[in-house]
Amino acid sequence: MTALWRRLIYRPKRHLDHKRGGRRSFTWTGYRDLIIDAHQQLGAPIVLVWDNLNVHRDRRLRDFIDTHDWIGCYFLPPYAPDLNPVEGIWSLLRRSSQVNTAFTDPDHLIKALRHGLRQIQYRSNLIDGCLAETGLTLTPSR
C-alpha cells in the first residue's frame with residue numbers, strides 16, 4: 001500500500017519595496033528555493049499542483065523542475081479557482097485568524113497569517129477538506 005502525504009508548506013514574505021514599483025510576489029528563484037527547502041524538509045519527492053501564474057510558467061523555473069526527477073508538476077486549467085486547493089486555505093484563514101481584525105501594521109498581519117497557517121498545517125483533516133472541495137482525486141502511483 002502506498003501512503004500519500006499531504007503537507008502545507010508556506011513562506012510568507014513581506015515585500016518592502018512594492019509601493020515603489022518593486023515586485024509584489026515571489027520570483028522564480030523564490031519558488032525554486034521554497035521547493036528545495038520543502039524537499040529537504042520532507043526528504044521525499046514533491047508534487048506541485050499550480051495555477052497559471054506567470055512565474056509558475058517561467059522558463060527558468062520550468063528548466064529547474066525538468067532537471068530534477070524528484071519534482072512532479074501539474075498545472076490547473078486557466079481560470080479555474082474552484083480546482084485550486086489553495087483557495088480553500090485562504091478561505092479558512094479569512095474565517096479564522098483574520099476575521100474581524102484591524103491589522104495595525106504589516107508585521108501584525110504577517111504574525112496572524114503565520115499563526116493561522118500553522119494551525120492549518122498541523123490539522124491534516126483541514127488540508128484534506130481543501131483538496132476534497134476541489135472535486136479532484138489524488139491517486140498515488142504504484
Side-chain angles (χ1 to χ4, degrees), residues 2-141:
T2 303
L4 183 63
W5 297 96
R6 292 149 312 271
R7 293 281 307 268
L8 174 64
I9 297 176
Y10 56 90
R11 183 176 289 169
K13 185 172 182 177
R14 183 174 175 196
H15 299 279
L16 300 175
D17 65 344
H18 75 276
K19 290 187 178 183
R20 292 187 298 262
R23 187 168 187 90
R24 297 176 70 176
S25 63
F26 271 45
T27 61
W28 81 269
T29 56
Y31 280 106
R32 178 201 61 202
D33 296 346
L34 180 60
I35 292 166
I36 291 169
D37 290 349
H39 177 61
Q40 290 174 346
Q41 179 182 343
L42 296 172
I46 302 286
V47 176
L48 304 169
V49 179
W50 274 350
D51 58 16
N52 287 279
L53 184 67
N54 62 349
V55 72
H56 293 166
R57 295 219 175 250
D58 187 289
R59 178 193 46 79
R60 296 164 294 185
L61 186 56
R62 295 294 316 149
D63 290 345
F64 168 76
I65 290 169
D66 291 344
T67 59
H68 293 84
D69 63 355
W70 49 266
I71 306 173
C73 186
Y74 300 91
F75 284 92
L76 296 170
Y79 308 106
D82 51 315
L83 298 178
N84 191 343
V86 172
E87 298 297 334
I89 299 294
W90 283 119
S91 178
L92 290 171
L93 285 170
R94 284 190 298 273
R95 291 180 285 145
S96 61
S97 65
Q98 296 181 350
V99 70
N100 296 326
T101 304
F103 297 103
T104 55
D105 57 33
D107 291 331
H108 182 204
L109 172 61
I110 294 279
K111 184 177 178 183
L113 182 63
R114 286 181 188 274
H115 176 74
L117 288 168
R118 196 168 29 257
Q119 288 182 321
I120 294 168
Q121 184 180 35
Y122 296 110
R123 295 179 61 195
S124 59
N125 62 317
L126 293 178
I127 297 169
D128 290 345
C130 291
L131 290 166
E133 187 67 26
T134 68
L136 301 174
T137 58
L138 298 174
T139 308
S141 59

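The residues of the chain are indexed from 1 along the displayed sequence. FYI, side chains are in, hydrogens and waters are out, and symmetry mates aren't considered; it's all heavy atoms of this structure. From a predicted model like this one, the values you see are computed outputs, not experimental measurements.
Counting heavy atoms of neighbouring residues, nucleotides and ligands inside a 6.0 Å radius, atom CD of E133 does not exceed 12 of them. For H115, the NE2 atom is loosely surrounded, since the number of other residues' heavy atoms within 6.0 Å does not exceed 12. More than 12 non-hydrogen atoms from other residues, nucleotides or ligands lie less than 6.0 angstrom from CG of D63.
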Query raised in the report: side-chain contact (heavy atoms from CB on, under 4.5 Å) between D33 and F26: does it pass, once the steps are laid out?
Result: CA-CA 10 Å; D33 296 346; F26 271 45; over 6 Å; no

Report task. Please step through side-chain contact (heavy atoms from CB on, under 4.5 Å) for the pair I89 and L117, ending with a clear verdict. Result -> CA-CA 8 Å; I89 299 294; L117 288 168; 3.9 Å; yes

**Report entry** Criterion side-chain contact (heavy atoms from CB on, under 4.5 Å) on E87 and D82, from CA distance to verdict
**Finding:** CA-CA 7 Å; E87 298 297 334; D82 51 315; over 6 Å; no

Query raised in the report: Stepwise, does the side-chain contact (heavy atoms from CB on, under 4.5 Å) test hold for T134 with N84?
Result: CA-CA 7 Å; T134 68; N84 191 343; over 6 Å; no

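To the nearest 0.5 Å, atoms OG1 (T27) and CZ (R60) are separated by 8.5 Å. The line from CH2 of W28 to CG of N54 is 14.5 Å long, rounded to the nearest 0.5 Å. Atoms CG and CZ, from D128 and R123 in turn, are 12.0 Å apart once rounded to the nearest 0.5 Å. Atoms CG and CD1, from D66 and I71 in turn, are 9.0 Å apart once rounded to the nearest 0.5 Å. Of the inter-residue distances, the one linking L131 atom CG with L126 atom CG reads 11.0 Å to the nearest 0.5 angstrom.
In this pair, H39 and W70 present their aromatic rings parallel. The plane angle is below 30°, not in the 30 to 60° band. In this pair, H56 and W50 present their aromatic rings parallel. The plane angle is below 30°, not in the 30 to 60° band.
Taking 4.5 Å as the limit, every side-chain heavy atom of T101 sits out of range of all side-chain heavy atoms of L109. Annotation: side chain of L61 is in contact with side chain of R32 (closest heavy-atom distance under 4.5 Å).
The two residues Q98 and L113 come nearest to each other via the heavy atoms NE2-CD1, 3.8 Å. The nearest pair of heavy atoms linking C73 to R62 is SG-NH1, 3.3 Å. Between A112 and F103, the shortest heavy-atom distance links the atoms CB-CE2, 3.6 Å. When all heavy atoms are compared, the tightest approach of V55 to Y31 is CG1-CE1, 3.3 Å. Looking at every heavy atom in both residues, L92 comes nearest to C130 through CD1-SG, 3.6 Å.
Between K111 and D107 there is no salt bridge, since no side-chain N of the basic residue sits under 4.0 Å from a carboxylate O of the acidic one.
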